[in-house]
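Lettering of chains follows the sequences in order, A, B, ..., and the numbering in each one begins at 1. The shown structure was predicted, so the numbers you read here are calculated from the model rather than taken from an experiment.
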Amino acid sequence: MRAVSAVPFYQGAFGKEQAERLLWRAGFGAREGEAEALAQRGLTAAVQSLTRPASQTLVGPDPTDEKGRALQPSTIPGHDHLWWLDRMVRTTAPAVERMTLVWHSWFATSNLGVQSQQLMLNQNELFRQNALGSFGDILNGVTVDPAMLVWLNGNQNVKSHPNENYGREMMELFTLGANRGAYTETDVRENARALTGWRGSVSAGQPFIYDPNQHDTGTKTIFGQSGNFDYHDSCRLCLAHPLHPSYFVLKLWSYFIPVRYDATTLHALTQMYANGNQILPVVEAILTHPLFYEGPRMVKPPVVFNAGLLRMRGEYVNNSVWSSLGQQAGQQLFYPPDVGGWDYTRWLNSATYRSRWFIAALVQGAGKPTDSPTDPSKLWQRSIQFWGFPTVSAQTQALVEAFAKAQLKRGNDPADVETAMRRLIGSSPDLQTA
Amino acid sequence: MSDLDGCRDCNRTEFLRKAIAEAGRGLPGIEPGMPLPAGTGMSRRSFVSRAAGFALAVYGGSKLSSYAFDDGIAQAAADAASSQRVLVSVFLSGGIDSLNVLFPAGEPAYYSLRPTIALSQSSGKPYTEDSRLRWHPAASGIATLHDEGKVSVMPAIGYANSDKSHFTSRHYWEVGATDATLRTGWLGRYVDAVGKPDNPLQGLTLDVALQPAIATAKMPVATLEAADQYGFAPPGIAPHPLEASIIEEAANIGALHAKSPDAGLQTAGSIAFESNQLYQQLASFRWGFSSPVAYPSSTDPFPHRLAGLAAMIAAGLPLGVVAITSPGRFDTHATEAGTLQNGLQLTSDSLLAFQRDLEARGIADRVLIHVWSEFGRRAAENASAGTDHGSAGIGFLIGTKVKGQQIGEFPGVTSGLDGQGNLTPTTDFRAVYGAMLSQWLNTDPTQIIPGIAAYQLPSLLK
């Protein structure tokens, strides 16, 4: 990819720390030894091992609730969240799963409105199948996806009275962006006409089908072009809009890098994407961009934090507490806050911090060592080993070791001090970010 | 979920309770040697740096001091004695259908525009300030308060050429300007202007996510699900023998990273530190609270959040501006009737209970409630027995101190619609923001609401 791309390419060292960032932002963190092994491959091969995975399977025990029962993701509330969290923990293709999460937030659909976990799971599979493929395939698929049809009233968009809901968000949130001069209110209304004809209902048990009798066959004018447009034309016109590639690049970038790109990067990424609307090359270019490695740390999304801590501990999903904690941490899967998706710049506040504190504490569990040393630096080594040797800043280490020293001096049980140190590491700003 | 932190916290909880109680009697709470007196005008960063330095310093000694705890007492002492006013911002998400909340039963055009979803000419109570209008039966709680002179209705509030996007329009309302790029909320800028570097409760969101209207540039703010949901003992496992020390040390680590040059670490560190401040501030609520009135029973957290809010205000906690989102999904593109009814009923009943609670506690004169939504809905219904995005919508100011007089005319659906069939605004939301800032919060709005000088501010208070 390096030879054909004009996108700036990271030239610095690619060691354990860089590999950790890559695994956290393009996947769900590093199991013990994983970052070191990935670093050995060099940047290009490391990125491609994620974006072009050799296999896509789940490894490890099947997920259960706390009573050991198999999950029922299509029927039991909360099991949908657990089902996906488990995939994040066990997958051999973490970047595919991570991109599926990107599309879930991009085309944010909430089961609060859909009221069918099965339809949500079906939509999830659409995103997974096309996770690193063609954006056009995703757009065409999701436009008539039953969960989306229910969520944004596409199933009630009939020629006699077009419902604008999907037609508007398709332009504003999915392909073009607001306040960019990309479309007018008239375009929204005309687009809604082109999208007419789909129906179906969860509550009434009616199948989701295209009903030609409800489709407006008149001439529509969208972005100055006229024709007897249908939903394929809507998608085609949005994808071909001159302001679509830059919107796509801006939005995709923001999931991976918390600072803005320069004009050279924008131009190169936009060109790259405009040539066929393929997702893979843009993702690979972002994951090898200098700002990915040289820019500031990003707060991990709550489910990424949760899945990653489980992976660091070699644990698997066997408790339904993760669903309610995900909700309290601000990310209940299949229930994004609204059609705009989750705000990746505002994960942390005093309420979600508390829930993440619980997540770290519960991944750690109540276990207690029996042979704790009384030397603070040895206790530190054991505590960092407990979490699979993540990179933690010297500042945090110094405070945690000083804490251990003070607690031991007060006569506290070294085992309690050691488990306290695990807690402090698991919830530290170092592990909240990557 | 139980939030008991066990008895390791009893001593300091008791200590803080006493401190708050004493502060309430007007004792000077700030003693020499406290890490930071409130209101010194230090920036958040310099405060945090000092706090971190202090935290590091005490490790050299034998005593583990809880600096944040001391600050909490100082803050409570400084503010509890005052009769600080509170502004509660209640967001009706999705663009509530104003034309069915206060519906123009007196206009035949209403019935031709809405053949299936119009309310009947005899439903609900008449609205005493405009003979064309009646209250939706589910809004009876607000109507009752209106009859008591405690509600000012804004029947057509919005802004010229309103944006039909939820996100854009909501953003405009949140930042207090028709500016898509502003990242601080209008209430956040108020907190930045008058707030203190050690009091997260001064800008409180009662939710899982920060309400963007309260987003600040430098002052700390709090986000909290409810007053009694801020313990840190992990659910489902035995409390750690060193739980209190772990909680405090996590704040120390946070304070250290709050001065990191890395923006991500800086954010995570600040939040860890501020969360501990909030934890100390809410110590007396960890065992719950009681309410003098009954709130609606619901699985939705809204009534409980309001009940906790009244209790926090009554306890003298240093609250300033508060944001909360009402129950209900008001983006009623389809089968509107039931959805609007349910959301409006619970919202209205809960607000009535909250007002009664404040009155029973004798603190009603300190609280102003502002109810808003990002836009109204189209006057004509669509084919799905719902309504699409419109322009002007409805808002309320509620409280014992409000004038109880309508702000702006209701333009009517006969001749008051724009070219797209949407209600034309008669009041700009920024004018009401400016009036709340100057008249309720005693703050010059010119530094907070861009271009406010161009608006005539309505008179809000008795």
Side-chain angles (χ1 to χ4, degrees), chain A residues 112-113 153 156 158 160-165 168 172-173 178-179 185 188 258 296-299 321 327-328 330 337-340 343 346 348-354 357-358 361-362 365-366 393 395-396 399-400 402-403 406-407 409 412-413 416-417 419-420 423-424 427-430 432-433, chain B residues 1 56 59 62 64 93 163-168 180 200 205 207-210 212 215 221-225 229-230 232 234-238 240-242 245-246 249-250 252-254 256-257 260 262-265 267-269 271-272 274-275 278 329 331 333-334 382-384 386 388-389 420:
Chain A
L112 202 63
N153 309 111
Q156 291 163 321
V158 295
S160 59
H161 267 92
N163 187 307
E164 294 169 11
N165 207 3
R168 177 185 305 282
E172 177 185 332
L173 296 170
N179 308 305
E185 280 296 306
V188 168
R297 297 173 75 83
M298 280 181 100
V299 175
V321 72
Q327 188 267 328
Q328 290 167 28
D338 52 45
V339 64
D343 185 345
R346 283 185 174 150
L348 275 182
N349 60 54
S350 51
T352 60
Y353 172 77
R354 171 176 174 264
W357 170 270
F358 291 157
L362 294 187
S393 65
Q395 293 94 323
T396 295
L399 274 193
V400 174
F403 167 84
Q407 294 299 330
K409 198 172 171 184
N412 284 307
D413 180 350
D416 289 335
V417 175
T419 52
R423 288 274 298 277
L424 291 170
S427 60
S428 66
D430 308 74
Q432 302 274 4
T433 58
Chain B
M1 183 184 299
L56 285 168
Y59 278 114
S62 59
L64 263 178
S93 179
D163 200 292
K164 305 300 182 293
S165 151
H166 291 293
F167 305 96
T168 304
T205 304
D207 209 328
V208 172
L210 170 76
V221 293
T223 306
L224 174 70
E225 290 220 53
Q229 291 174 24
Y230 215 66
F232 272 73
I237 57 175
H240 194 284
L242 302 176
S245 300
I246 298 171
E249 182 58 22
N252 288 338
I253 295 171
L256 182 69
H257 287 289
S260 169
D262 181 285
L265 283 175
T267 297
I271 294 293
E274 290 160 17
S275 295
L278 183 63
R329 293 166 56 241
D331 190 20
H333 284 279
N382 62 22
S384 328
D388 292 324
H389 303 178
Q420 297 177 329

With a 4.5 angstrom heavy-atom cut-off, could you sort out which part of [X] is near chain B: side chain, backbone, both or neither?
X	value
A/L112	both
A/T419	both
A/D430	both
A/P337	neither
A/N412	side chain
A/V339	both

Looking at [options], which has the largest count of heavy-atom pairs under 4.5 Å with chain B?
options	value
A/R346, A/Q395, A/Q327	A/R346
A/Q432, A/M298, A/E172	A/E172
A/V158, A/V188, A/D338	A/D338
A/N163, A/T396, A/V321	A/N163

Tell me which of these, [options], has more heavy-atom pairs under 4.5 Å with chain A than the rest.
options	value
B/T223, B/D388, B/L265, B/L224	B/T223
B/T267, B/I237, B/T205	B/I237
B/A250, B/A334, B/G386, B/A272	B/A272

So what's closer than 4.5 Å to chain A heavy atoms on [X]: side chain, backbone, both or neither?
X	value
B/A238	neither
B/P200	neither
B/H333	both
B/N382	both
B/D207	backbone
B/L278	side chain

I need the [X] [atom1] to [Y] [atom2] distance, nearest 0.5 Å.
X	Y	atom1	atom2	value
B/S165	A/R168	OG	CZ	7.5 Å
A/L173	B/H166	CG	NE2	9.5 Å
B/L256	A/S393	CG	OG	7.5 Å

Search all heavy atoms of [X] against all heavy atoms of [Y] and return the closest pair with its distance.
X	Y	answer
B/V208	A/Q328	CG1-O, 3.5 Å
A/T433	B/G264	CG2-O, 3.6 Å
A/A178	B/T168	CB-OG1, 3.6 Å
A/L348	B/A268	CD1-CA, 3.6 Å
A/S160	B/A383	OG-CB, 4.3 Å

Could you tell me whether the side chain of [Y] reaches within less than 4.5 Å of the side chain of [X], counting heavy atoms only?
X	Y	answer
A/L362	B/P235	yes
B/H389	A/E164	no
A/N179	B/F167	no

| request: Could you tell me whether the side chain of B/H240 and the main chain of A/D416 form a donor-acceptor pair under 3.5 Å? | output: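 Yes, because the side chain of B/H240 sits within donor-acceptor range (under 3.5 Å) of the backbone of A/D416.
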
| Is the backbone N or O of A/S350 less than 3.5 Å from a side-chain atom of B/Y230, with the two atoms forming a donor-acceptor pair by type? |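 Pair found, side chain donor or acceptor close to backbone of A/S350.
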
| request: Return the orientation label for the A/Y353 and B/F232 ring planes: parallel under 30°, perpendicular over 60°, tilted otherwise. | output: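 Tilted.
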
